[in-house]
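Comments concern the structure below.
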Amino acid sequence: MHERSQFKRKLSSFQALQFKIADMATELVAARQMVRLAASRLDAGLPQATVYCAMAKQFATDIGFRVCNEALQIHGGYGCTREYPLERFLRDSRVHQIVEGTNEIMRVIVSRRMLETDSTDHTEEIR
Ligand SMILES: Cc1cc2nc3c(=O)[nH]c(=O)nc-3n(C[C@H](O)[C@H](O)[C@H](O)COP(=O)(O)OP(=O)(O)OC[C@H]3O[C@@H](n4cnc5c(N)ncnc54)[C@H](O)[C@@H]3O)c2cc1C
């Protein structure tokens, strides 16, 4: 963004793209936090660890793909060429929404838990 100019301005001066960068950075931090939270629940051997892990897997891989996709968009046409690594990052991150249990199945795990009809308030439990 500091290198490429369009309309006689650096890309980095366009606020729409600045906001995109801000969202990407924020989402990456949130995804890392989700993964670390799930890992801590797993290390502690808590019964809710499975649900936390399903949430973290789905969230982090969806965000990972989204961030790569936005990064490719910022690179414009160059993003689709092999001159830059973005096209590979996009393909590599996409597969993680499928492998090790698809993200639909992660949602199945979470929703099953939330809809269990015992006396536990699961929304409270997973905070
Ligand atoms: C690069 C790569 C590497 C892999 N490596 C391994 C490996 O090392 N070991 C291994 O065992 N496997 C491996 N796999 C397989 C991978 O785990 C499966 O592809 C994955 O679990 C999805 O299964 P499937 O392809 O049979 O899709 P399917 O189960 O046929 O699902 C197709 C689509 O339907 C959706 N779907 C299915 N059931 C439901 C449902 N109940 N509710 C909502 N949506 C549903 C899925 O989410 C998906 O979007 C690999 C796959 C890839 C692409």
Side-chain angles (χ1 to χ4, degrees):
M1 284 170 64
H2 285 312
E3 287 173 20
R4 177 87 170 157
S5 293
Q6 288 292 35
F7 304 98
K8 298 181 181 163
R9 288 167 58 182
K10 296 287 183 202
L11 291 188
S12 56
S13 73
F14 293 120
Q15 195 171 54
L17 299 186
Q18 293 168 1
F19 282 7
K20 214 186 261 292
I21 292 284
D23 286 346
M24 291 157 71
T26 304
E27 287 166 0
L28 270 184
V29 170
R32 287 193 185 115
Q33 289 297 98
M34 285 283 283
V35 170
R36 286 169 188 157
L37 184 67
S40 73
R41 294 289 191 275
L42 200 60
D43 284 348
L46 297 180
Q48 319 94 298
T50 302
V51 177
Y52 278 98
C53 289
M55 286 177 173
K57 193 273 180 184
Q58 175 257 308
F59 188 76
T61 58
D62 282 352
I63 292 299
F65 178 75
R66 204 181 98 76
V67 167
C68 290
N69 198 31
E70 294 287 36
L72 189 147
Q73 187 74 21
I74 291 168
H75 279 67
Y78 279 116
C80 301
T81 71
R82 291 200 166 161
E83 197 170 328
Y84 293 92
L86 270 306
E87 56 85 27
R88 184 170 58 79
F89 292 163
L90 193 76
R91 285 184 285 114
D92 287 351
S93 60
R94 183 65 180 84
V95 83
H96 293 292
Q97 294 175 301
I98 295 173
V99 292
E100 300 292 340
T102 65
N103 286 0
E104 285 78 14
I105 297 305
M106 297 303 112
R107 289 181 173 92
V108 168
I109 293 169
V110 175
S111 60
R112 260 191 204 147
R113 181 73 173 160
M114 299 305 295
L115 296 171
E116 271 174 11
T117 53
D118 58 22
S119 58
T120 314
D121 178 356
H122 295 298
T123 54
E124 183 68 30
E125 179 187 290
I126 60 165
R127 259 182 222 149

Exercise for the section: Check whether any side-chain N or O of K57 sits under 3.5 Å from a backbone N or O of G101 as a donor-acceptor pair, and report yes or no. Expected result: yes
By salt bridge (charged side-chain N to carboxylate O under 4.0 Å, His left out), which residues pair with [X], not counting sequence neighbours?
X	value
R66	E27, E70
R91	E87
R88	D92

Practice task
Not counting sequence neighbours, which residues clear side chain to side chain contact (heavy atoms under 4.5 Å, CB included) with S40? List them please.
Solution key: L37
Problem - More than 12 heavy atoms from other groups under 6.0 Å of CD on Q18 - result: yes
Exercise for the section: Tell me whether L42 is reachable from I109 by hopping between hydrophobic residues (I, L, V, M, F, W, Y) whose side-chain heavy atoms are closer than 4.5 Å. Expected result: no
Problem - Same apolar cluster (I L V M F W Y, side chains within < 4.5 Å links), I63/I21 - result: yes
Problem - Residues clustered with V99, ILVMFWY side-chain links under 4.5 angstrom - result: V95
Practice task
Only one of D62, N103, T102 passes side-chain hydrogen bond (donor to acceptor under 3.5 Å, both in side chains) with Q97; say which it is.
Solution key: D62
Exercise for the section: Could you check I74, N69, L72 and say which one makes a side chain to side chain contact (heavy atoms under 4.5 Å, CB included) with L86? Expected result: L72
Exercise for the section: Would you please name every residue forming a ring-ring contact (aromatic ring centres under 6.0 Å, His included) with Y84, sequence neighbours left out? Expected result: H75, Y78
